[in-house]
Amino acid sequence: MYIEFVIADNFVLTCLAGATAAKLCHLRAKTWRVIVAAVLGTAVAVFYPFIRNGYVEFAVKLALYIALCAVMYAKTARPVTASLMFLGCTFAFGGASYALGLMLFADGGKAAEFSARYPLFVTLGGGATVCAGARFVIKRLRLVRARAPYEYETDVKIFGSTLRFNAFLDTGNCVFDGKTGLPVVITAAELFADKLEGDAAAEFLKSVDGLRKITAKTPAGETAIYVLQPTEITVYSDRHGHKIKALVGLVGGGDKRFSAAHEMLLNPTAVAEGV
């Protein structure tokens with residue numbers, strides 16, 4: 001039973017402490033190096049009960065600590081800082097089981113019993129799961145915040161109707177109409193048509209055959225864009241409407257660049273001049 005706990009506890013502890021220390025120091029420790037260090041530390045820890053001399057045990061642990069740090073951080077930008085951080089993480093994680101026991105039981109004896117009964121990898125497993133979930137949520141929130149400066153609600157007045165689009169400021173949209181010199185905001189023809197109703201839809205259908213076509217070069221090749229002259233385009237930033245001068249470009253084939261969140265790709269030149 002001792003051997004099983006030592007193997008599980010030491011392996012997981014070394015992996016967690018090694019990876020966490022690297023993360024805190026903004027380093028990229030290679031996974032295979034962390035695993036090798038964990039295997040080495042676990043193999044040596046199995047023999048700790050057989051060492052009877054305290055000075056010898058301290059020397060072995062010190063030598064092992066130096067060896068583990070060398071394996072994990074020797075080729076990183078800040079090996080000394082990472083090694084000290086690894087030592088701190090080891091102490092922090094090493095006391096995790098006992099700390100959890102003290103939280104559950106006021107009696108120190110029961111806390112020690114809890115620590116002995118439930119190995120570190122079990123008590124930290126729940127914490128690691130919570131941390132992973134929290135990290136996922138935080139990433140999603142950061143992604144929303146990162147996109148926020150590039151997302152604008154946009155109204156397009158055309159054919160006597162006002163169409164609302166969830167637009168995205170696409171820095172890759174550098175399409176300009178050669179005839180008028182105006183920038184082009186782009187959406188899918190199918191999506192545009194779905195927003196039209198009644199007389200506006202009928203008028204659009206009448207004008208389809210007469211739409212002017214321009215060609216835009218993209219990394220995937222040339223794309224045909226049919227341009228429309230809207231009555232007005234309003235981009236909303238900080239709840240304020242800003243008029244921009246641009247043409248509406250329609251692309252066919254149900255382009256995969258568009259979704260409910262990003263129904264239109266704004267031209268940065270048009271937005272810079274109007275917003």
Side-chain angles (χ1 to χ4, degrees), residues 136-275:
F136 174 80
V137 172
I138 290 171
K139 276 188 173 182
R140 303 304 297 182
L141 292 175
R142 285 178 177 172
L143 183 60
V144 171
R145 288 199 300 269
R147 287 178 173 173
Y150 302 94
E151 294 181 335
Y152 300 86
E153 288 188 336
T154 301
D155 285 344
V156 176
K157 286 187 178 181
I158 193 168
F159 301 127
S161 180
T162 300
L163 312 181
R164 171 61 61 91
F165 291 86
N166 294 319
F168 183 76
L169 180 60
D170 181 13
T171 55
N173 177 9
C174 301
V175 180
F176 287 82
D177 176 36
K179 183 177 180 180
T180 63
L182 291 174
V184 180
V185 298
I186 302 173
T187 187
E190 295 86 348
L191 192 155
F192 180 85
D194 287 343
K195 290 181 178 290
L196 294 170
E197 297 179 354
D199 294 339
E203 192 171 343
F204 172 64
L205 290 175
K206 290 179 182 178
S207 66
V208 167
D209 293 335
L211 292 180
R212 187 161 53 85
K213 183 176 73 172
I214 63 175
T215 301
K217 292 183 178 180
T218 67
E222 293 187 345
T223 300
I225 301 176
Y226 295 87
V227 293
L228 296 165
Q229 178 70 62
T231 305
E232 184 178 276
I233 298 180
T234 305
V235 174
Y236 293 91
S237 174
D238 297 327
R239 298 183 180 180
H240 298 288
H242 306 272
K243 304 292 189 296
I244 66 172
K245 294 181 179 180
L247 298 180
V248 175
L250 306 180
V251 294
D255 199 301
K256 294 181 180 180
R257 290 175 296 178
F258 303 98
S259 63
H262 298 150
E263 299 174 317
M264 174 176 283
L265 302 180
L266 296 175
N267 188 304
T269 301
V271 176
E273 292 176 354
V275 177

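Numbering of residues begins at 1 and proceeds along the displayed sequence.
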Taking the six-membered ring for Trp, are Phe192 and Phe204 closer than 6.0 Å centroid to centroid?
yes
Go through the structure and list residues passing side-chain contact (heavy atoms from CB on, under 4.5 Å) with [X], not counting sequence neighbours.
| X | result |
| --- | --- |
| Ala224 | Lys213 |
| Arg212 | Asp177, Lys179, Thr180, Ile214, Val227, Leu247 |
| Ser161 | Leu163, Ala200 |
| Asn166 | Glu153, Glu263 |

To the nearest 0.5 Å, how far apart are [atom1] in [X] and [atom2] in [Y]?
| X | Y | atom1 | atom2 | result |
| --- | --- | --- | --- | --- |
| Phe168 | Met264 | CZ | CE | 14.5 Å |
| Leu265 | Leu169 | CG | CG | 9.5 Å |
| Leu266 | Asn173 | CG | CG | 8.0 Å |

Shortest non-hydrogen contact from [X] toward [Y]:
| X | Y | result |
| --- | --- | --- |
| Ala246 | Ile233 | O-CD1, 3.6 Å |
| Lys157 | Thr162 | CG-OG1, 3.4 Å |
| Val184 | Asn267 | O-CB, 3.6 Å |
| Val175 | Ala216 | CG2-CB, 3.9 Å |
| Arg164 | Lys195 | O-NZ, 2.9 Å |
| Ala167 | Thr154 | CB-OG1, 3.4 Å |

Phe165: partners by ring-ring contact (aromatic ring centres under 6.0 Å, His included), with sequence neighbours left out:
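By the ring-ring contact (aromatic ring centres under 6.0 Å, His included) rule, Phe165 matches no residue at all.
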Can you list every pair that meets salt bridge (Lys or Arg N to Asp or Glu O under 4.0 Å) and has a residue in residues 196-206, with sequence neighbours left out?
none
Is atom CZ of Phe176 surrounded by more than 12 heavy atoms (other residues, nucleotides or ligands) closer than 6.0 Å?
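Buried by this count: over 12 neighbours within 6.0 Å.
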Within the structure provided, determine whether [X] and [Y] are in side-chain contact (heavy-atom separation under 4.5 Å).
| X | Y | result |
| --- | --- | --- |
| Leu228 | Ile158 | yes |
| Leu196 | Asp194 | no |
| Pro230 | Phe159 | no |
| Ile186 | Val251 | yes |

Show your reasoning for whether side-chain contact (heavy atoms from CB on, under 4.5 Å) applies to Glu190 and Leu250.
CA-CA 9 Å; Glu190 295 86 348; Leu250 306 180; over 6 Å; no
side-chain hydrogen bond (donor to acceptor under 3.5 Å, both in side chains) against Asp170, all qualifying residues, sequence neighbours excluded
none
